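Each remark here refers to the structure printed beneath this line.
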Amino acid sequence: MEKENEKNIKAPLGMKDIFPEERQLWGEMEKAAREEFELSGYYEIRTPVFEDTRLFVRSIGETTDIVEKEMYTFGDTAESTITLRPENTAPVMRAYLEYELYKTKKFQKFYYIGPMFRKERPQAGRLRQFHQIGIEAIGSYDPLLDVETIKIATRVYDRLELSGYEVKINSIGCEKCRPGFRKVLKEELSKYKDDLCELCKIRLDRNVFRVLDCKQKKCKEICKNVSSIEEHICNDCSGHFKTVKNTLKDIELEFKIDPHLVRGLDYYTKTVYEITHPSMGARDTICAGGRYDNLISDIGGPPTGAVGFAAGMEASMIAILNTRKKEREKDTSQLAPDAYIVSIGNETRNYCFKLLNTLRQSGISVDMDYECRSTKAQMRTANKLNSRFTIVIGPDELEKGVIKLKDMQTGDEKLAEDANEIVQVVKRNK
RNA sequence: GUGGGCGUAGCUCAGUUGGUUAGAGCAUCAGACUGUGGCUCUGAGGGUCGGGGGUUCGAAUCCCCUCGCUCACCCCA
């Protein structure tokens with residue numbers, strides 16, 4: 001027991017610290033996403049990380065794994081519990097409903113960025129606290145919006161120089177035609193029941209559609225003999241799907257129809273899509289989305305069409321790093337200060353500190369030594385920080401009232417009259 | 001929740017059939033005519049070999065348990 005207590009405290013399982021070097025890529029992703037989203041009229045909404053547990057139970061589906069065993073749920077009041085959001089579509093819909101946005105402006109576009117939580121075993125690109133970037137277009141059934149969201153996702157990835165990703169789409173029907181297809185599928189698959197894997201035998205009753213994306217060879221073979229969703233969806237869904245496909249072609253967006261693409265969350269209807277990347281491990285989806293025309297009515301609102309996607313930031317990042325050149329990873333130029341002040345002798349330190357603040361005031365990023373180290377050590381630090389300039393202040397400079405400026409690229413040194421002159425030179429070289 | 005793999009210095013790893021004070025590279029720090037970086041050279045610090053128990057004269061090495069990480073499954077971004 002005592003030994004347990006002596007152990008160093010670590011970050012909780014499946015939760016990661018992000019340090020400055022790698023955070024740069026996070027910033028890049030966020031910037032690319034925000035700019036693309038806003039270019040298309042999507043604006044940021046921030047919802048709480050906690051929600052009433054019932055929101056997720058109703059929207060995601062009571063029998064899904066997420067709700068059954070992966071949610072972080074805590075007691076709130078005596079009667080209610082709150083849950084750390086496992087995804088953000090339901091919270092955004094909740095906000096839309098709660099503020100009755102549909103009354104004043106039915107059609108709205110939002111985007112969000114932030115942490116999500118699912119209590120599962122961590123794996124490559126899959127953590128307990130992970131981050132998603134997503135968009136939601138609420139208040140329309142227009143298939144053009146399905147295409148718009150897909151296009152936006154690809155534009156963000158293009159901007160981040162991710163190559164080789166694949167867009168897969170499918171239609172899973174609506175509440176009218178899905179039950180019929182579910183029944184047919186179950187009947188057809190039951191004929192092969194003995195050959196299905198153990199898991200699929202269970203899925204047969206629990207969630208037939210999941211059999212379609214089983215990875216077992218035998219199950220895959222069997223699925224080839226089964227009729228596809230496309231043959232069974234209603235005219236409305238079929239027409240919608242056709243428009244989506246044709247529009248994607250019109251705007252020359254490459255995609256593949258994947259009849260086995262099934263989503264795990266209950267609220268999806270009609271169009272579902274996924275963006276995958278081959279460089280990943282077994283889990284290759286970096287972005288997934290689709291239409292969810294029943295979600296708002298499921299949680300108590302008026303019938304409202306909606307479509308959107310969520311991209312996993314950690315997963316996307318792995319894909320991006322896999323395709324980028326290695327030099328870019330090491331690029332620390334963003335973290336380098338414009339100048340580093342080397343102070344020689346203790347009596348110069350106060351003067352240096354004043355200069356430091358003057359320069360910062362003028363927009364120059366600058367730092368100095370706080371460990372009273374030798375001149376050589378301070379120079380080494382300036383070099384390691386990749387600082388463009390070094391400012392050297394010793395007793396000589398102090399006495400003459402000048403500032404020595406060294407260009408670390410050329411090695412040239414010169415004397416400046418005052419801080420303002422330093423600012424000019426440094427800014428010229430930015 | 002289920003299965004596989006792996007835990008030796010801050011990092012990447014060596015470590016022979018069990019055999020003295022456990023090593024290297026990189027990184028860190030310090031020096032090389034004391035006011036100047038990168039390159040080179042020299043040196044230093046840093047490890048209860050994940051933890052606990054067992055076998056043995058002797059364990060990083062063999063056995064058991066445990067914890068951690070990781071990959072995969074279920075499921076999902």
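Keep in mind that this is a model prediction, so the values were computed, not measured. Order of the sequence lines fixes the chain letters, A, B, ..., with proteins taken first and strands second; residue numbering starts at 1 for each chain.
The aromatic rings of A:Phe117 and A:Tyr72 lie perpendicular to each other, with more than 60° between the two planes, well past the 30° mark.
What separates CZ of A:Arg128 from C1' of B:U70 is a distance of 14 Å, to the nearest Å. For A:Asp396 and B:U34, the CG to P distance is 15 Å, given to the nearest whole Å. Distance NZ (A:Lys16) to C1' (B:G68): 12 Å, rounded to an integer number of Å. Atom CG of A:Leu127 and atom C1' of B:A77 are 11 Å apart (whole Å). Rounded to an integer number of Å, the gap from A:Ile341 CD1 to B:U36 C1' is 15 Å. Atom OH of A:Tyr340 and atom C1' of B:G35 are 16 Å apart (whole Å). Separating the CG atom of A:Leu385 from the C1' atom of B:G37 is a distance of 11 Å, rounded to the nearest angstrom. Between the P atom of B:C39 and the NZ atom of A:Lys384 lies a distance of 11 Å, rounded to the nearest Å.
Set against B:C73, B:A77, B:C69, the side chain of A:Lys10 has B:C69 as its closest nucleotide. Of the candidates B:C73, B:A30, B:U36, B:U36 carries the atom nearest the A:Thr375 side chain, counting heavy atoms from C-beta on. Considering only side-chain atoms of A:Lys69, the nucleotide from B:C71, B:G37, B:C74 that sits closest is B:C74. Considering only side-chain atoms of A:Arg203, the nucleotide from B:A77, B:C75, B:G68 that sits closest is B:C75. Relative to the side chain of A:Lys376, the nucleotides B:G35, B:C69, B:G37 differ in distance, and B:G37 lies closest. For A:Arg380, taking side-chain heavy atoms from C-beta onward, the closest of the listed nucleotides B:G68, B:G38, B:A77 is B:G38. Of the candidate nucleotides B:U70, B:G37, B:A77, B:G37 has the atom lying nearest to any side-chain atom of A:Asn383.
Note on A:Arg291 versus A:Asp146: salt bridge recorded, some NZ/NE/NH1/NH2 to OD/OE distance being below 4.0 Å. Under 4.0 Å is where a charged nitrogen must lie from a carboxylate oxygen, and between A:Glu38 and A:Arg34 no such pair does. Ionic pairing of A:Glu44 and A:Arg46 is present here: one or more N-O contacts between side-chain nitrogen and carboxylate oxygen are shorter than 4.0 angstrom.
The 12-atom threshold is exceeded at CZ of A:Arg360, counting heavy atoms of other residues, nucleotides or ligands nearer than 6.0 Å. Within a 6.0 Å sphere centred on CZ of A:Phe74, heavy atoms belonging to other residues, nucleotides or ligands number more than 12.
Judged by distance alone, with hydrogens and angles left aside, A:Arg121 brings a side-chain donor or acceptor within reach of the base of B:U2, the pair sitting under 3.5 Å. Below the 3.5 angstrom threshold, one finds a donor paired with an acceptor across the side chain of A:Lys406 and the base of B:U36. One N or O donor and one acceptor, one from the side chain of A:Glu413 and one from the base of B:U36, sit under 3.5 Å apart. In terms of polar N and O atoms assigned as donor or acceptor, the side chain of A:Arg126 comes within less than 3.5 Å of the base of B:C75 in a complementary pairing. One can find a donor-acceptor pair under 3.5 Å joining the base of B:G35 and the side-chain atoms of A:Glu397.
With C1' as the reference atom, B:U2 and B:C63 are 26 Å apart, rounded to whole Å. Nucleotides B:A30 and B:C39 are separated by 16 Å at their P atoms, to the nearest Å. B:C13 and B:A9 are spaced 11 Å apart, taking the C1' atom of each and rounding to whole Å. Across the P atoms, B:C75 and B:C67 are found 27 Å apart, a figure rounded to whole Å. Spacing of C1' atoms, B:U55 relative to B:C73, comes out at 37 Å, to the nearest Å. Rounded to whole Å, the separation between the C1' atoms of B:G37 and B:U20 comes to 44 Å. Here the separation of B:G46 from B:G7, taken at their P atoms, is 25 Å to the nearest Å. Nucleotides B:A59 and B:C49 place their P atoms 12 Å apart, quoted to the nearest Å.
Note on A:Ala315: nothing from the nucleic acid sits closer than 4.0 angstrom, heavy atoms only. Residue contacts for A:Gly411: at a heavy-atom cut-off of 4.0 Å it reaches a base atom on one of the strands shown. Nucleic acid contact class of A:Gly345 (heavy atoms, under 4.0 Å, all strands): none. When heavy atoms are screened at a 4.0 angstrom cut-off, A:Ala288 is found touching the sugar-phosphate backbone but no base atom. At the heavy-atom level, A:Lys119 lies nowhere under 4.0 Å from the strands shown.
Along RNA chain B, the nucleotide nearest A:Met280 and the nucleotide nearest A:Cys287 are compared for position; the residue whose nucleotide lies closer to the 5' end is A:Met280. Along RNA chain B, the nucleotide closest to A:Gly14 and the one closest to A:Glu120 are compared, and the more 5′ of them pairs with A:Gly14.
Put simply, the side chain of A:Val366 reaches to within 4.5 Å of the side chain of A:Ile341, judged on heavy atoms.
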field: Nucleotide-level pairing of RNA chain B, given in dot-bracket where Watson-Crick and G-U pairs need both distances under 3.5 Å and | marks other strands
entry: (((((((..((((.....[...)))).(((((.......))))).....(((((..]....))))))))))))....

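Looking only at atom types and distance, the side chain of A:Ser365 has a donor-acceptor partner in the side chain of A:Asp338 under 3.5 Å away. For the residue pair A:Asn88/A:Thr47, the side-chain donor-acceptor check at 3.5 Å is satisfied. For the residue pair A:Tyr157/A:Ser316, the side-chain donor-acceptor check at 3.5 Å is satisfied.
Close to B:A72, at under 4.0 Å from its OP1 or OP2, lies a side-chain N or O of A:Gln123.
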